[in-house]
Asker: 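One structure follows; several queries about it will come next.
Numbering starts at 1 and runs along the sequence shown.
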Amino acid sequence: MPALDIKSQTLVGVIDNQDGKSYIIQYFDDVPQENLSTNQYLAGVKKTMLEANPKNKILAKDSLLFHGHTAHAQTFLMHTIKWGMLKQISYVIRTGTELITVQICFPTNEPDAQKERIPEQLVLFDKMVKINGF
C-alpha cells in the first residue's frame, strides 16, 4: 500500500490483493495521557471501526505483550465490500512519546471468527518486523 513518512507520522503496510490479508503499521508522536487517555483513544478506534458498517462488531478486548511491550488489543469482525468478512486485530502501544498501532486483518466467516487465529503467513511476517527497535 502507499506509505506515508513524515516527521510526526509514519504509515506503512502490505495487503494481499487476492483476499484482503493485511499488516499495517502506523506511528504517531504521542500526546500526554492527561490530554488523551489510552481508554479514550481505544474508544475512538472502536467507534471508527463499528461506524464503518452497522454489521461490524467487536469480538474481544485485551492487554498483552506484543513485540516486548504492553499492547492494548481490540479484535473486530469487519464486513467489507471488497474483501467480504475480515477479522481485524488492532494493537496499540503507547510509550509516552510514541503511539504505535499495528492492524492485522485476514478473511474469516462469522461462525469461526471468535476462535480463528492469525494465519501463519502473517505470524511469520510479524516476526520479521521491527518497530522502532521492538
Asker: Please report the interatomic distance NZ(Lys46) to CG(Asn39), rounded to the nearest 0.5 Å.
Answerer: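 That separation rounds to 11.0 Å.
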Asker: Do Leu50 and Tyr41 land in one hydrophobic cluster if side-chain heavy atoms of ILVMFWY residues count as linked below 4.5 Å?
Answerer: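 Yes.
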Asker: Step by step, work out the side chain to side chain contact (heavy atoms under 4.5 Å, CB included) result for Thr101 and Tyr91.
Answerer: CA-CA 5 Å; Thr101 68; Tyr91 299 95; over 6 Å; no
Asker: Please determine whether a side-chain nitrogen of the Lys or Arg among Lys57 and Glu110 lies less than 4.0 Å from a carboxylate oxygen of the Asp or Glu.
Answerer: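 The answer is yes: the pair qualifies as a salt bridge.
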Asker: Are any side-chain N or O atoms of Asp5 and backbone N or O atoms of Thr10, one a donor and one an acceptor, separated by less than 3.5 Å?
Answerer: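 No; zero donor-acceptor contacts below 3.5 Å.
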Asker: Are a donor atom and an acceptor atom from the side chains of His72 and Asp62 found within less than 3.5 Å of each other?
Answerer: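 Their side chains do not contain a donor-acceptor pair, so the 3.5 Å distance test is not met.
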Asker: Shortest non-hydrogen contact from Ser22 to Leu122?
Answerer: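 Where Ser22 meets Leu122 most closely, the heavy atoms are O-CD2, 4.0 Å.
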Asker: So, taking the atom named CD1 in Ile104 and the one named NZ in Lys21, what distance separates them when rounded to the nearest 0.5 Å?
Answerer: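 If I round to the nearest 0.5 Å, the distance is 12.5 Å.
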Asker: Starting at CD of Gln121, measure out to CG of Asp16 and round the result to the nearest 0.5 Å.
Answerer: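 Answer for the CD-CG pair, Gln121 versus Asp16, is 6.0 Å.
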Asker: Are Ile100 and Met128 grouped together when hydrophobic residues (ILVMFWY) are joined by side-chain heavy atoms under 4.5 angstrom apart?
Answerer: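 As far as the 4.5 Å side-chain criterion goes, Met128 and Ile100 are connected within one cluster.
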Asker: Please evaluate residues Gln103 and Ile89 with respect to the criterion side chain to side chain contact (heavy atoms under 4.5 Å, CB included), reporting the C-alpha separation (whole Å), side-chain torsions for both, the decisive distance (0.1 Å), and the verdict.
Answerer: CA-CA 6 Å; Gln103 292 179 338; Ile89 306 169; over 6 Å; no
Asker: Is there a side chain to side chain contact (heavy atoms under 4.5 Å, CB included) between Ile24 and Leu11? Walk through the geometry before answering.
Answerer: CA-CA 7 Å; Ile24 300 168; Leu11 172 67; 3.6 Å; yes
Asker: Taking all non-hydrogen atoms of both residues, which atom of Lys87 and which atom of Thr75 are closest, and how far apart?
Answerer: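 For Lys87 and Thr75, the tightest heavy-atom pair comes out as CE-CG2, 3.4 Å.
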Asker: Are Leu77 and Met85 packed together at the side-chain level, in the sense that at least one heavy-atom pair is separated by less than 4.5 angstrom?
Answerer: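 A side-chain contact exists here, since the closest heavy-atom pair is under 4.5 Å.
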Asker: Does the side chain of Thr38 come under 3.5 Å of the side chain of Gln33 through a donor N or O and an acceptor N or O?
Answerer: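 Looking only at side-chain atoms, Gln33 and Thr38 do form a donor-acceptor pair, the distance falling under 3.5 Å.
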Asker: Can you confirm whether more than 12 heavy atoms, excluding those of Gln40, are under 6.0 Å from its CD atom?
Answerer: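 Enclosed: over 12 neighbouring heavy atoms sit under 6.0 Å from CD of Gln40.
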Asker: If the condition is ring-ring contact (aromatic ring centres under 6.0 Å, His included), which residues does Phe106 pass it with, not counting sequence neighbours?
Answerer: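 For Phe106 there are no ring-ring contact (aromatic ring centres under 6.0 Å, His included) partners, ignoring immediate neighbours.
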Asker: Not counting sequence neighbours, list each pair that qualifies as a ring-ring contact (aromatic ring centres under 6.0 Å, His included) and has a residue in residues 45-64.
Answerer: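 Non-adjacent pairs meeting ring-ring contact (aromatic ring centres under 6.0 Å, His included): zero.
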Asker: Could you check Phe76 against Leu86 for side chain to side chain contact (heavy atoms under 4.5 Å, CB included), going step by step and ending with a plain yes or no?
Answerer: CA-CA 8 Å; Phe76 299 93; Leu86 297 174; over 6 Å; no
Asker: Can you see whether Thr108 engages Glu116 through a side-chain donor-acceptor pair at a distance of less than 3.5 angstrom?
Answerer: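 Note: Thr108 and Glu116 side chains meet the donor-acceptor criterion.
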Asker: What class does the angle between the rings of Phe125 and Tyr23 fall in, given that below 30° is parallel, 30 to 60° is tilted and above 60° is perpendicular?
Answerer: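 Perpendicular.
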Asker: Taking C-beta and beyond as the side chain, do Tyr27 and Ile93 meet within less than 4.5 Å on heavy atoms?
Answerer: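 Of all side-chain heavy-atom pairs linking Ile93 with Tyr27, none is under 4.5 Å.
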Asker: Can you give me the closest heavy-atom contact between Ala3 and Val12, atom names plus distance?
Answerer: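 Taking every non-hydrogen atom into account, CB-CG2, 4.3 Å.
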Asker: Could I get the full list of side-chain contact (heavy atoms from CB on, under 4.5 Å) partners for Asp30, not counting sequence neighbours?
Answerer: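 With neighbours one apart ignored, the set is Arg94, Leu99.
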Asker: With a 4.5 Å cut-off on side-chain heavy-atom distances among I, L, V, M, F, W and Y, is there a chain of contacts connecting Ile118 to Leu64?
Answerer: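 Yes, it is one cluster - the side chains of Ile118 and Leu64 are joined through contacts under 4.5 Å.
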Asker: Mind checking the NE2-CD1 spacing from His67 to Ile25? Nearest 0.5 Å is all I need.
Answerer: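 Going from NE2 on His67 over to CD1 on Ile25, the span is 7.5 Å.
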Asker: Once rounded to the nearest 0.5 Å, what's the spacing between atom CD of Glu98 and atom CG of Asp29?
Answerer: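 Separation between the atoms: 8.5 Å.
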Asker: Could you give the distance from CE (Met78) to CE (Met49), rounded to the nearest 0.5 Å?
Answerer: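 Nearest 0.5 Å value for the CE-CE distance: 5.5 Å.
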